[in-house]
Student: 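Structure incoming, see below.
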Amino acid sequence: MEKMARVTTALGGNTITGRTMFCHLDAPANAISVCRDAAQVVVAGRNIFKIYSIDEDQFVEKLNLRVGRKPSLNFSCADVVWHQMDENLLATAATNGVVVTWNLGKPSRNKQDQLFTEHKRTVNKVCFHPTEVYMLLSGSQDGYMKCFDLRKKDSVSTFSGQSESVRDVQFSIRDYFTFAATFENGNVQLWDIRRPDRYERMFTAHNGPVFCCDWHLEDRGWLATGGRDKMVKVWDMNTNRAKEIYCVQTIASVARVKWRPECKHHIATCSMMVDHNIYVWDVRRPFIPSAMFEEHKDVTTGIVWRHLHDPYFLLSGSKDSTLYQHIFKDASQPIDRANPEGLCYSLFGDLAFAAKESLISSDSNRKPYIGDRRHPIFFKRKLDPTEQFEYISSSSALSVFETDLESGSMDWFVRTAKQYVLAGRPLAELCDHNAKVAKELDRDQVAQTWTMLRIIYSSPGTVPSANLNHSLGKGSTSLPLMNSFNLKDIPPGIGNESRLERSKGESRSENILMDSSSTLINNDENEETEGSDVPADYLLGDVEGDEDELYMMDHENPHAEEQEYILPQEAFPLRHEIVDNPSALDHLQDKADSPHVSGNEAETVSLTPVESFSLISISHSLYENRLPPDFFSPIVRDMLLFYAEQGDVQMAVSVLIVLGDRIKKEIDEQTQEHWYTSYIDLLQRFQLWNISNEVIKLSTCRAINCLNQASTTLHINCSNCKRPMSNKGWICDRCRQCASMCAVCHHVVKGLFVWCQGCSHGGHLQHIMKWLETSSHCPAGCGHLCEYT
Amino acid sequence: MFVARSIAADHRDLIHDVSFDFHGRRMATCSSDQSVKVWDKSENGDWHCTASWKTHSGSVWRVTWAHPEFGQVLASCSFDRTAVVWEEIVGESNDKLRGQSHWVKRTTLVDSRTSVTDVKFAPKHMGLMLATCSADGVVRIYEAPDVMNLSQWSLQHEISCKLSCSCISWNPSSSRAHSPMIAVGSDDNSPNILAKVQIYEYNENTRKYAKAETLMTVTDPVHDIAFAPNLGRSFHILAVATKDVRIFTLKPVRKELTTSGGLTKFEIQIVAQFDNHNSQVWRVSWNITGTVLASSGDDGCVRLWKANYMDNWKCTGILKGNGSPVSGSSQQGMFNASLGSANTSLQNSLNGSAAGRKQS
């Protein structure tokens, strides 16, 4: 409340100034009305009837009209109205059916003027004629409306709605003789004041009671109504039949509607229950209120614009016993907080994007406003600079950006999942196969990893096909895939970027980084040329049988590359090698007793290598002694962790399954389980049910394994006798026939068996699918219209 | 490369949210026109509206899908202070023949006294749960104890955040090492500087959600927040849409024995911060592997962000909402300039270097 605006409006000499303010009333208010000079407001309720003057900073109590010792029910006001012609004239509607007029010009303390006790039940509404001083209209719960001439003791005429209770009566501003009345049964009637016998027109406006109505201040043919059905409707009464031109859906039953002065399409509403806020709507945009006043703590019972020609000041009374003056500048505008955009990434890498049209129509080709398609152009918009609420661009454009197969989509994932072989063959073959799959999908890093795993974990005898590795190394010029950042590809990219950024004036450290990374590239390339020479040598060597030497060399290279993949975990690749080394050292020292650690090797190790070259020299010497695969476990573990952190859980799980016990104990159970559940979830997203099932089956985690066994119970009926089968095999006990026969080919079904749950007949998945393409009847000839889901 | 396929959404007011289902074959949109539409992808890739119905009596802010294991279930939340759970009815009817499906209201959650600004289903392994947050700063977590009965939801937790909430995100990790966690963003725009992102974690011992972390550096109104799909990572990645795009990593610090049972401590790092939208950022969304982040802002563009192997995040693509070239950039040469057609090819250089080179 600190930033309350102070607003000054000049209205032809009569200046209104003020701020958002409130005062406590002694009792809940039922209705308020404002004097025509906009300086005083009257508040009426069951236990209150007071006049306040509206000062600049506060409300000041001017007059208490509840006088006399004993409380009279006549003071229990349901409604109050201040005459817009005569500043001294007020009328109230009492809950006991009395209509009272008050004359403030009276010298006595008791200002009560006239008392009309004609209604039998609560009077809901009183209304003065806009131009005729002595004409007063009332509408009551008893279903009657009465017109009073204040110069006479009794009512001039009585109008019977012939329907239920009257909730509101309002004189038309345009037609001298016309008034509108709303009823609890949802009807609105138009009456001619001279013809009390019959209404001029009647129509059903709402579903349920119509609590209020208001004639438009300028466009005199418009009538707004609000009802318990939570709607505000605007009717064009100029035509023969009342035509609904706007409909606003609010969130609670509508108690009051008041057109906003000077703003043709704006209307203020408040609710009867639940909702304590006051909303101002632009009827052309019926879904979002253009402004909202949230001050009241209980139901708002009366709203009135302070001055007939000022749209910025709104007064309200509430059941929470407060009287508020609201300033438009302090209103909250829900549209400002409403999100104009929606964005969602799909499984396949497509992006759905919905945005407000005005946001995405680019500046260069922004078209002039042609007019909202929904509204005819003849509603010429009154230019009001303060009318901030935009109704024009109230539509969104929805589009889906589809990735094509080659680049960003998740196609690689699906194909990899489908083609990987995880079990059932020797390790070396599995690795080779999977490397080939990865290679075909241009995922060189993954392919190399598989190759290296094969080299590490399989016996030396099967090495030859390893040259796949090296051919890969050379051919890796294609762009990296979504998440396989290949170190060899990246550094040039980095180089470019940092060069760019340097031109933009970035810090020097980046340059240094770039330099170091480019030296790294050089190193890489060196190693690679070395490496790619090796297979040639090796093949030669194979012929020559100099196995020992070559074995060593072949391993040196993969090891170096292995390191290379682990690097990216750290920001500074070169360092990492150094850091990583001691762990290898520890491992070594654990095995210090084992005979294959020579003194020579220990010496090399003790020299902490500074460059990657020296590391190679270490591994060089290590390999000479044919370390067991165990030696690589920490590295492989790190590699798996790396893939997982990079979002490629597929690789982590696949390697985990393929290596099985070789690596299992290196990674704690919880992490493994996490990987499995993540991967299975992904597979299920892609509807790869068979593969997900296979993964579950192959997993070594207990928690994962039992996923398959939970809550799957099969109840099988014999397809011959339609009785439940016992759980011993597939021969029916009763009819001694094999139950699982394919109804199409009459062979026993092994594997995927699909059957209709209605008639128990079924067969091979493919056969049934084929059958159903041509016929919807059961292939067994039982006449059942089979249903498969 | 992305191909923009524009869809005649035919909503009568702003669309506030778009959401793909678990399998990426269905899409739901919600709008201020108080309706939700469901779109199904046909064989040839077109999206067809198969259902459109009035859901609320106010603007519908968000729509979200439940895991399909619970059926075809949607939840929506609205300005009318309610969140509603919807279920698609399977069965033969006239609707189905016309290619339309029928959705029925299963429950209305009416606990909020103010606009419900976000609704999200919890990760599947937690059961059928959903969280809502509202403008009065309360996060509510509901659970359907019987997954077969979608009309019974019990309010399990009420977390008071003290600030008007605008968005929530569940931590999707299925690891037993990570307790259930929910991040809440606030769009409170009062002048006092307060941290606008709070992270609540479920405590097994007290059986309550307690505040685990507050991202102190985020003090501007937050419009959207999203945890990346976890996929076996040991840490969490959180994207925040505020006046810029921010990406945080939350690394759980090993629980000390002394604080066993207490809340997890996190080592929070901001790994990226981009103001390329030059305006408010409204939405962030992760791809399925949590490696690419898409963000959209008041500039009407979608920008894609991706980290390289050194964890440097870079822009790898800019998509303009209506399929037209990004004005101000010099990429026009790469666009197939076919503005009027629905299918416009967009250049999206995936490695970012191409775009970067052009701009220099």
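Naming: A, B, ... by sequence-line order, numbering from 1 per chain.
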Student: Check the pair Gln646(A), Thr291(B) against side chain to side chain donor-acceptor pair (under 3.5 Å), reporting the backbone distance first and the verdict last.
Tutor: CA-CA 7 Å; Gln646(A) 291 293 307; Thr291(B) 48; over 6 Å; no
Student: Verify, without hydrogens or angle tests, whether Arg685(A) (side chain) and Phe22(B) (backbone) share a donor-acceptor contact under 3.5 angstrom.
Tutor: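 Between the backbone of Phe22(B) and the side chain of Arg685(A) there is a qualifying donor-acceptor contact (under 3.5 Å).
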Student: Once you round to the nearest 0.5 Å, how far does CZ of Phe353(A) lie from CG of Leu319(B)?
Tutor: 9.0 Å
Student: Can you sort out the partners of Asp17(B) under side chain to side chain donor-acceptor pair (under 3.5 Å), two or more places apart, ordered by chain and number?
Tutor: none
Student: In plain terms, say whether Asp187(B) and Arg337(A) are close enough for a salt bridge, that is, a side-chain N and a carboxylate O under 4.0 Å apart.
Tutor: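 So Asp187(B) pairs with Arg337(A) through a salt bridge.
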Student: Check each atom of His67(B) against the heavy atoms of chain A and say whether the ones under 4.5 Å are side chain, backbone, both or neither.
Tutor: side chain
Student: Tell me which of these, Leu398(A), Leu347(A), Val649(A), Thr671(A), has more heavy-atom pairs under 4.5 Å with chain B than the rest.
Tutor: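 Heavy-atom pairs under 4.5 Å are most numerous for Leu398(A).
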Student: Mark yes or no for whether Lys306(B), through its side chain, and Asn308(B), through its backbone, hold a donor-acceptor pair below 3.5 Å.
Tutor: no
Student: For each of Arg25(B), Arg62(B), Arg113(B), Gln280(B), tally heavy-atom pairs with chain A at distances under 4.5 Å, and name the one with the top tally.
Tutor: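 Option with the greatest count: Arg25(B).
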Student: Checking Ala338(A) against chain B: side chain, backbone, both or neither under 4.5 Å from a heavy atom?
Tutor: both
Student: Taking every non-hydrogen pair under 4.5 Å, which of Gly297(B), Ala135(B), Ser279(B), Ser31(B) racks up the most with chain A?
Tutor: Gly297(B)
Student: List for me each residue that meets side chain to side chain contact (heavy atoms under 4.5 Å, CB included) alongside Ser173(B), sequence neighbours excluded, and say none if there are none.
Tutor: His674(A), Asn171(B), Ser175(B), His178(B), Asn230(B), His236(B)
Student: Could you point out which residue of His11(B), His16(B), His56(B) forms a side chain to side chain donor-acceptor pair (under 3.5 Å) with Ser32(B)?
Tutor: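 Going through His11(B), His16(B), His56(B) one by one, the side chain to side chain donor-acceptor pair (under 3.5 Å) with Ser32(B) is satisfied by His16(B) alone.
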Student: Examine whether an atom of Ser35(B) lies under 4.5 Å from a heavy atom of chain A, and if so say whether it belongs to the side chain, the backbone or both; otherwise answer neither.
Tutor: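 When you check distances to chain A, no heavy atom of Ser35(B) falls under 4.5 Å.
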Student: Given a strict heavy-atom distance threshold of 4.5 Å, which part of Trp286(B) is in contact with chain A: side chain, backbone, both, or neither?
Tutor: backbone
Student: Let's test your reading of the structure: which of Asp80(B), Leu293(B), Thr117(B), Val18(B) forms the most heavy-atom pairs below 4.5 Å with chain A?
Tutor: Val18(B)
Student: Taking side chain as everything from C-beta outward and backbone as N, CA, C, O, which of these in Asp336(A) sits under 4.5 Å from a heavy atom of chain B? Side chain, backbone, both or neither.
Tutor: backbone
Student: Counting only heavy atoms closer than 4.5 Å, note whether Ser166(B) contacts chain A via side chain, backbone, both or neither.
Tutor: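 Looking at Ser166(B), nothing touches chain A.
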Student: Sort out for me which of Ala652(A), Ser678(A), Ala354(A) touches chain B most, counting heavy-atom pairs under 4.5 Å.
Tutor: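 Option with the greatest count: Ser678(A).
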Student: Under a 4.5 Å heavy-atom cut-off, does chain A meet the side chain of Lys54(B), its backbone, both or neither?
Tutor: side chain
Student: Can you check whether Trp305(B) and Tyr345(A) have ring centres sitting under 6.0 Å from each other?
Tutor: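 No, ring centres 6.0 Å or more apart.
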Student: Where on Leu343(A) is there a heavy atom nearer than 4.5 Å to chain B: the side chain, the backbone, both, or neither?
Tutor: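 Contact with chain B: backbone and side chain both.
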Student: Is it the side chain or the backbone of Asp224(B) that comes within 4.5 Å of chain A heavy atoms, both, or neither?
Tutor: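 The answer is neither part of Asp224(B).
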Student: Answer yes or no: is there an ion pair linking Lys230(A) with Asp275(A), defined by an N-O contact shorter than 4.0 Å?
Tutor: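 So Lys230(A) does not pair with Asp275(A) through a salt bridge.
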Student: So which part of Gln249(A) gets closer than 4.5 Å to some heavy atom of chain B, the side chain, the backbone, both or neither?
Tutor: both
Student: Would you mind checking which part of Val653(A) comes under 4.5 Å of any heavy atom in chain B, side chain (CB onward), backbone (N, CA, C, O), both or neither?
Tutor: neither
Student: Look at Glu402(A) together with Arg5(B) and state whether they make a salt bridge at an N to O cut-off of under 4.0 Å.
Tutor: yes
Student: Heavy-atom pairs under 4.5 Å with chain B - which of Asn339(A), Ile251(A), Asn277(A) has more of them than the others?
Tutor: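 Result: the option with the highest number of such pairs is Asn339(A).
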